[in-house]
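To start, the structure under review is shown below, and the notes come after it.
All values below were derived from every heavy atom in this structure, side-chain atoms included, with hydrogens, water molecules and symmetry-related copies excluded. Order of the sequence lines sets the chain letters (A, B, ...), proteins ahead of strands, with each chain counted from 1.
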2 protein chains.
Amino acid sequence: MSGSPIRVMIADDHEALAASLLAVLDQEDDMVGVGVAGTIAQARAMVGSSAPDVLLLDHRMPDGDGVAAIPELLRQRPGLRIAVLTASPGDHLLVEAIEAGACGFVSKTRSLGEVTAAVRAAASGEAVISPELLARLLPRLHGGGPAQKQLTEREREVLDLVAEGLSNAAIAERLVVSVHTVRNHIANLSAKLGAHSKLEALAIAVRQGLLPGR
Amino acid sequence: MSGSPIRVMIADDHEALAASLLAVLDQEDDMVGVGVAGTIAQARAMVGSSAPDVLLLDHRMPDGDGVAAIPELLRQRPGLRIAVLTASPGDHLLVEAIEAGACGFVSKTRSLGEVTAAVRAAASGEAVISPELLARLLPRLHGGGPAQKQLTEREREVLDLVAEGLSNAAIAERLVVSVHTVRNHIANLSAKLGAHSKLEALAIAVRQGLLPGR
DNA sequence: CACTGTCTGGTACCTATCTACTAGGCGCGG
DNA sequence: CCGCGCCTAGTAGATAGGTACCAGACAGTG
């Protein structure tokens, strides 16, 4: 830690805020801000050119899901430590990001001190999960496995279309399957989400932050 | 501008980011950061005690809708200039905030320079709307008036309950009215939103950022 | 006062959706 | 090869929701 400073990069679509945070981190003796990216595409480019040690990555970006980009960013720069910046993380997001290779989470609602501490921890190879988030993750771990049923690819696809407000028939048309199939998928994903209807499933999905956009 | 510095306060539930932004603004020669609030309750208290000239207010706060709190904040401190910080503003949010007394909008996705410029403009009594947002507001203005139908109090209440995934019957029970009434409210608000079903109304509401939470 | 908008309650009809259960095809891992 | 999970498709009955009307109570306004 007394050697070269930690090279920190931030990817967040709220550029004014991200730039501010980076400026503040840059003033720490052991850190240097190497850049802000407002899109995933920018982040990809900058990970290559700016050689960051730690990347704070927002999970929601204009051009896609930040979590989904994690594997590629890691492939591009092995050894990079990625911590996901998040406002109100859906339960499954935590698991997904960890599986994708993130080393932790930093909640945007925590204090500056916690963020700088998280950056140092990430740089030194530790996992970073704020207590608040850890509390939500733990039940799933000692639940004996996948306590939280997770949706299949197709079910997620259907859920996305539900979120667009489409009827079962419309969804069937989009996916080129019968309404019966759609009905089954919805019944299944509803059960997994603990919902009793399409509407309730959507409400739950929204609350859990499962959906892109917005 | 050469007199006393502009006293700037930020209310945003992302405290780490808000604190960073404030720290950066504080370094401007003509500004001084006087505080960060993470909730509306805190903001109320601090507006009284810290005497800010300009308040950057997030529209989404843990304890309620920031826009809804604007009138009270202004009553508490007349002359306060409030600019709404926003990530992806729903169309109607723009109108509501202006009507509530905000002097403008600052999109979180813009650069730091634009934010500091916005603060100065707000302090000097000018309106602050970034071009990107203005472009969305204009059509409603020269639309001849309320081109965007706005929901009544009761309709919004119903919409919130819809967002919880409740059935019409459950909503009726909550509001202590008949199912028929709920059905009518939903028909009306759906028409206003351009939706053809409860589900679609919810989808639209989510996309427009009409709903609290999340 | 008359007009308007909102909230309320209602009727009638029709469609969409939910529930429950069945079942074939397909790919993957033991 | 067999079992398992997923995607697919179907049937049938019950319920919720949407459409299209109408109408009274009540508050605010010209």
In whole Å, what is the span from the [atom1] atom of [X] to the [atom2] atom of [N]?
| X | N | atom1 | atom2 | value |
| --- | --- | --- | --- | --- |
| A/N168 | D/dG10 | CG | C1' | 15 Å |
| B/R183 | D/dG18 | CZ | P | 8 Å |
| B/H180 | C/dC13 | NE2 | P | 15 Å |
| B/H196 | C/dT15 | NE2 | C1' | 15 Å |
| B/N184 | D/dC22 | CG | C1' | 10 Å |
| A/E153 | C/dG27 | CD | P | 17 Å |
| A/H185 | D/dG5 | NE2 | P | 17 Å |
| A/K198 | C/dT17 | NZ | C1' | 8 Å |

When you check the gap from the basic side-chain N to the acidic O, do [X] and [Y] get nearer than 4.0 Å?
| X | Y | value |
| --- | --- | --- |
| B/K192 | B/E155 | yes |
| A/E72 | A/R44 | yes |
| B/K108 | B/D58 | yes |
| A/R154 | A/E157 | yes |

Check whether more than 12 heavy atoms from other residues, nucleotides or ligands sit under 6.0 Å from atom CD of A/E173, and answer yes or no.
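Not buried by this count: 12 neighbours or fewer within 6.0 Å.
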Are A/S197 and C/dT17 close enough that a side-chain N or O sits under 4.0 Å from OP1 or OP2?
no
Give a yes/no answer on whether the side chain of A/T152 brings an N or O atom under 4.0 Å of OP1 or OP2 in D/dC7.
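True: A/T152 side-chain N/O within range (under 4.0 Å) of D/dC7 OP1/OP2.
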How do A/I186 and B/N188 order along DNA chain C: which one's closest nucleotide is nearer the 5' end?
B/N188
Per A/V177 side chain, nearest of listed nucleotides C/dC18, D/dA9, C/dT8
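It is D/dA9.
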Where the side chain of A/S167 is defined as all heavy atoms beyond and including C-beta, which of C/dT17, D/dG18, D/dT8 is the nearest nucleotide?
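Nearest to the side-chain atoms of A/S167, counting from C-beta on, is C/dT17.
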Mind checking if B/T181 touches a base, just sugar-phosphate, or nothing, with heavy atoms under 4.0 Å?
base
